[in-house]
Student: 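Please see the structure below; I have some questions.
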Amino acid sequence: MNQAIRSAWVVAISMFALVLGSLTYVQFFQAQELKENDWNSRQLYQDFGRQRGAILVDGRAIAESVPSNDQFNFQRVYNDPELYAHLTGYYSLSLGTTQLETAESAILSGTSSSLFYDRVVQLFSGVGTQGASVELTIDPEIQRLAWDLIPDGQRGSIVVMEPSTGNILAMVSKPSFDPNLLAVHDTSVILENAAALSEQPGLSIYTNPATQSLVSPGSVFKLVDAAAALESGEYDAESEIPNPPALEFPGIDYALPNYVTGNCASRTTADLEFALEQSCNTPFAQIAIDLGEEAIQEQAARFGFGEQLSIPTDVTASVFPSDLSDTELAQSAVGQFDTRVTPLQMAMVASAIANDGELMQPQLIKSVRAPDLELIDAPQPELLRRSVSEATANQLTDWMVNVVDNGTAAGAQIPGVRVAGKTGTAEVTETGDNAWFTGFAPAEDPQVALSIVMENVDIPTGQQLTSPSAKRLIEAVLNR
C-alpha cells in the first residue's frame with residue numbers, strides 16, 4: 001500500500017511539475033512570440049484599443065487616433081492623406097503597419113521603454129495606455145508645393161533637405177493613395193480597398209518611392225564621376241579629356257553616344273567644367289575607365305551608395321554595379337546600365353557637396369513628446385561621413401553653378417541667387433526617360449538641397465518639370 005501511495009505521489013508531483021514547467025515556458029520564453037502571432041486576437045484587440053500617438057507636421061496632426069463606437073475604442077485617421085501617405089504609411093487591422101507607423105510604432109503605441117513611467121502613472125490613474133506624439137521635420141508649405149509640382153497622373157518624386165542638418169523639409173511622390181481606406185475596422189473592406197489600389201499603375205501601398213524605389217539616375221551620376229576624378233588627384237580644372245561624338249570599344253559592335261541635345265559637339269576635347277555644363281557622356285565614360293571600377297564604387301559609397309539607412313523609415317541602398325566590362329563601366333558611369341538610385345540618394349549627393357563635403361544623416365523626426373507634452377527626444381544633426389574634401393566640394397559647386405548659368409539647368413536660374421545644379425536624362429523605355437534635377441542654393445551659403453525625378457517622360461516635358469520646379473522650391477525655402 002505504501003508503495004502504491006508513493007507511486008501515486010510521484011506521478012502527481014511529476015504532472016504538477018510538467019504543468020508548472022509548461023506554464024513557465026509559455027509565460028516567459030514564448031510570451032513575445034505569442035504576443036506577435038498574427039492569430040493572437042486578444043493582442044490585436046489590445047493594440048487597437050490603445051490611444052495611439054499622433055504624427056505631427058508643424059503642430060498639426062497628419063495621423064491621429066480618434067474615439068470610435070466599436071470594440072476597438074479608437075480609429076486611426078489620416079489628414080491630407082495623399083500628401084503624406086508615403087511618409088505616415090498606415091496602421092491596418094489586416095495589413096499591419098508601414099513607414100512611420102512601423103518605424104515609430106513603439107513610441108506611437110506607448111510601449112516604448114522611454115514611456116515606462118508614463119505607463120505607471122496611467123496604470124494608477126486608471127487612464128488607458130496612450131502613445132507619444134512624433135513631430136516631423138517637414139515644412140507643410142514646401143511639402144504642398146512639391147506635391148503640386150508633380151502633375152496628377154505623372155510618376156515622380158521630390159526630396160528637399162537642409163544640407164547642414166540633414167533635416168528633410170519635403171518628401172513627396174505620385175501616384176499616392178488614401179491610408180484611411182486601409183485603416184477601417186472591417187477586414188473585408190480593407191482587402192477590397194487594397195485590391196483596388198493595387199490596380200493603379202505605378203502605385204505600391206507598401207513602399208515610399210522617394211526612399212525605396214531604385215531608378216536610373218542618368219547624368220546626375222556624373223557628379224559622382226567628377227568627384228572621383230578630383231579626389232584621385234589625376235584630374236583638375238585644367239584637365240582636357242577627349243570628347244568624341246561616340247566612344248567606341250574594340251572588338252564589339254557598340255559605341256556610347258555623346259549627349260546630342262546639348263552643345264557637346266562644339267568641342268573635340270572638354271575640360272570637366274564644360275563636360276558637366278553640357279552633360280557630355282564620352283568624357284565621363286573615359287574618366288571612369290581610366291580611374292577604374294573600384295574608384296567609382298568607392299566614391300559612390302562615400303556619398304551613401306550601398307548603405308541601408310534608417311531616417312527612421314527604411315531606405316533602400318542605392319547601387320553602383322560591380323564586375324563590369326569597359327562597356328558596362330562606361331554606361332554605368334553616365335547613370336545607365338545597372339546603376340540605380342533612390343531620389344533621396346541624389347539629394348544626399350547634392351547635400352554633401354553643398355555642406356563642404358560633409359554628408360549629414362537624413363532625418364524625418366524633429367521631436368518626440370509624451371502624452372503630457374514632456375520632451376522625450378529631439379534628434380540632433382549627425383555627421384555620416386566626409387564624402388569629398390572641402391576643396392573638391394568647392395570646385396564641384398563652381399561647376400554646378402556654371403551648369404545653371406550656362407548649361408543644361410538654365411531653367412533653375414533665380415535672379416540674385418547663385419544656384420548650383422545638375423540635370424540628368426536616363427533612357428529607360430522606348431516611350432520615355434527619367435528626367436532629373438539635383439542641386440542646392442545659395443551656392444555660397446546653402447540653405448536647401450533637393451532632387452527631382454519625373455519618370456517616363458519625353459525630353460521637353462522632363463525639362464519643364466525639373467529645373468523650373470527646382471527654381472520654385474528653392475525660392476520658397478529661401479523666402480520662408
Side-chain angles (χ1 to χ4, degrees), residues 55-63 78-89 99-100 103 134-152 154-177 207-213 220 309 311-313 315 341-351 354-355 360-367 379 381 412 414 419 421 436-442 446-455 465-480:
I55 301 174
L56 307 168
V57 168
D58 197 28
R60 177 178 173 273
I62 60 171
Y78 298 91
N79 304 307
D80 282 332
E82 293 195 354
L83 179 61
Y84 293 105
H86 291 303
L87 296 181
T88 61
Q99 303 309 323
L100 284 167
V134 176
E135 177 98 18
L136 305 188
T137 58
I138 297 294
D139 182 308
E141 293 183 4
I142 306 303
Q143 180 83 357
R144 174 63 67 179
L145 175 59
W147 171 264
D148 291 341
L149 288 171
I150 305 175
D152 292 337
Q154 172 63 53
R155 185 171 179 173
S157 295
I158 297 176
V159 178
V160 184
M161 299 175 62
E162 287 181 344
S164 62
T165 65
N167 288 345
I168 296 170
L169 303 179
M171 180 178 282
V172 298
S173 297
K174 287 185 181 179
S176 187
F177 66 99
T207 60
N208 178 356
T211 58
Q212 294 174 298
S213 291
V220 290
L309 294 173
I311 67 171
T313 54
V315 178
V341 301
T342 61
L344 174 62
Q345 175 64 76
M346 293 318 302
M348 291 168 61
V349 171
S351 184
N355 197 42
M360 306 302 290
Q361 162 74 33
Q363 181 59 257
L364 269 173
I365 306 302
K366 181 179 181 180
S367 64
I414 300 173
V419 178
W436 285 86
F437 177 94
T438 190
F440 54 91
Q447 303 299 308
V448 54
L450 74 166
S451 73
I452 300 171
V453 59
M454 301 293 173
E455 299 183 50
L465 294 178
T466 51
S467 296
S469 295
K471 171 185 177 180
R472 292 188 59 185
L473 286 163
I474 291 169
E475 288 177 323
V477 173
L478 298 183
N479 291 330
R480 286 189 301 171

Student: Roughly how far, to the nearest 0.5 Å, is the OG atom of S351 from the CE atom of M360?
Tutor: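 If we round to the nearest 0.5 Å, M360:CE and S351:OG are 8.5 Å apart.
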Student: Check G421 against F437 and note the closest heavy-atom contact, atom names and distance.
Tutor: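 Heavy-atom minimum between the residues: CA-CZ, 3.7 Å.
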Student: Measure the spacing between OG1 of T466 and CE of M454 and express it to the nearest 0.5 Å.
Tutor: 7.5 Å
Student: Quick one: list whatever passes side-chain hydrogen bond (donor to acceptor under 3.5 Å, both in side chains) with N79, sequence neighbours left out.
Tutor: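 Applying side-chain hydrogen bond (donor to acceptor under 3.5 Å, both in side chains) to N79 gives E64.
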Student: Tell me whether S176 contacts the main-chain N or O of E82 through its side chain, where contact means a donor paired with an acceptor under 3.5 Å.
Tutor: yes
Student: List for me each residue that meets side-chain hydrogen bond (donor to acceptor under 3.5 Å, both in side chains) alongside E455, sequence neighbours excluded, and say none if there are none.
Tutor: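 With sequence neighbours excluded, E455 shows a side-chain hydrogen bond (donor to acceptor under 3.5 Å, both in side chains) to no residue whatsoever.
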Student: What's the separation between atom CD1 in I142 and atom CE in M171, rounded to the nearest 0.5 Å?
Tutor: 14.5 Å
Student: Rounded to the nearest 0.5 Å, what separation is found between the OG atom of S451 and the CG atom of L344?
Tutor: 7.0 Å
Student: Any salt bridge (charged side-chain N to carboxylate O under 4.0 Å, His left out) pairs touching residues 159-171, not counting sequence neighbours?
Tutor: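 Salt bridge (charged side-chain N to carboxylate O under 4.0 Å, His left out) check on residues 159-171 returns E162-R480.
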Student: For the pair L450 and F440, evaluate side chain to side chain contact (heavy atoms under 4.5 Å, CB included) and give the outcome as yes or no after the intermediate values.
Tutor: CA-CA 6 Å; L450 74 166; F440 54 91; 5.9 Å; no
Student: Between I158 and I150, is the side chain to side chain contact (heavy atoms under 4.5 Å, CB included) condition met? List the steps.
Tutor: CA-CA 8 Å; I158 297 176; I150 305 175; 3.9 Å; yes
Student: Check salt bridge (charged side-chain N to carboxylate O under 4.0 Å, His left out) between D148 and all other residues, then give those that pass, not counting sequence neighbours.
Tutor: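 D148 satisfies salt bridge (charged side-chain N to carboxylate O under 4.0 Å, His left out) with no residue once adjacent residues are dropped.
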Student: Which heavy atom of A350 sits nearest to which heavy atom of G439, and what is that distance?
Tutor: CB-O, 3.7 Å
Student: Going by salt bridge (charged side-chain N to carboxylate O under 4.0 Å, His left out), name the residues that satisfy it together with R144, two or more places apart in sequence or in a different chain.
Tutor: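 Scan of R144 (salt bridge (charged side-chain N to carboxylate O under 4.0 Å, His left out), adjacent residues dropped) gives D80.
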Student: Are any non-hydrogen side-chain atoms of V160 and V477 less than 4.5 angstrom apart?
Tutor: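 A side-chain contact exists here, since the closest heavy-atom pair is under 4.5 Å.
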Student: If you look at every heavy atom in P151 and L465, which pair is closest and at what distance?
Tutor: CG-CD2, 3.8 Å
Student: Taking the side chain as every heavy atom from C-beta outward, state whether L309 and P362 have any atom pair closer than 4.5 Å.
Tutor: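 Side-chain contact under 4.5 Å: yes.
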Student: Is it the case that the side chain of Q143 and the backbone of L83 share a donor-acceptor pair, with hydrogens and angles ignored and the cut-off at 3.5 Å?
Tutor: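 Pair found, side chain donor or acceptor close to backbone of L83.
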Student: Would you name the heavy atoms of W147 and V172 that are closest together and state the gap between them?
Tutor: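 Answer, listing the atom of W147 first, then V172: N-CG2, 3.8 Å.
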Student: Looking only at non-hydrogen atoms, find the nearest pair between P163 and P446 and report the distance.
Tutor: CG-CB, 4.1 Å
Student: If we ignore hydrogens and angles and just use 3.5 Å, is the side chain of T165 paired with the main-chain N or O of N167 as donor and acceptor?
Tutor: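 Pair found, side chain donor or acceptor close to backbone of N167.
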Student: Mind checking whether I452 and L473 have side chains closer than 4.5 Å, heavy atoms only?
Tutor: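 Yes, at least one pair of side-chain atoms sits under 4.5 Å.
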Student: Report the residues that fulfil side-chain hydrogen bond (donor to acceptor under 3.5 Å, both in side chains) with D152, sequence neighbours left out, ordered by chain and then residue number.
Tutor: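 Checked D152 against side-chain hydrogen bond (donor to acceptor under 3.5 Å, both in side chains); matches are K174.
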Student: Using the side-chain contact (heavy atoms from CB on, under 4.5 Å) criterion, which residues pair with A441? Sequence neighbours excluded.
Tutor: V417, V419, I474
Student: Sequence neighbours left out, what passes side-chain contact (heavy atoms from CB on, under 4.5 Å) with Q99? Give chain and number order.
Tutor: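 So Q99 forms a side-chain contact (heavy atoms from CB on, under 4.5 Å) with N208, Q212, T313.
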Student: Between F177 and H86, is the side chain to side chain contact (heavy atoms under 4.5 Å, CB included) condition met? List the steps.
Tutor: CA-CA 8 Å; F177 66 99; H86 291 303; 4.2 Å; yes
Student: Below 4.5 Å, heavy atoms only, C-beta onward: do I62 and L136 meet side chain to side chain?
Tutor: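 Sidechains of L136 and I62: in contact.
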Student: What residues form a salt bridge (charged side-chain N to carboxylate O under 4.0 Å, His left out) with K366, not counting sequence neighbours?
Tutor: none
Student: Between OG of S469 and CG of L145, what distance do you get to the nearest 0.5 Å?
Tutor: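 S469 OG to L145 CG: 8.0 Å, rounded to 0.5 Å.
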Student: For P312, check side-chain contact (heavy atoms from CB on, under 4.5 Å) against everything at least two apart and list the hits.
Tutor: L100, A103, E104, S310, Q363, L364, I365
Student: Quick one: list whatever passes side-chain contact (heavy atoms from CB on, under 4.5 Å) with V220, sequence neighbours left out.
Tutor: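 Partners of V220 under the side-chain contact (heavy atoms from CB on, under 4.5 Å) test: P217, M346, K422, W436, T438.
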Student: Hey, what do you get for OH (Y78) to CD1 (I55), rounding to the nearest 0.5 Å?
Tutor: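 Those atoms lie 6.5 Å apart.
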Student: Could you work out, with side-chain hydrogen bond (donor to acceptor under 3.5 Å, both in side chains) as the rule, every residue matching E141, not counting sequence neighbours?
Tutor: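 E141 satisfies side-chain hydrogen bond (donor to acceptor under 3.5 Å, both in side chains) with no residue once adjacent residues are dropped.
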Student: Any side-chain heavy atom of I414 sitting closer than 4.5 Å to one from E475?
Tutor: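 Heavy-atom side-chain distance check passes, below 4.5 Å.
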Student: For the residue pair P343 and P209, what are the closest heavy atoms and their distance?
Tutor: CD-O, 3.5 Å
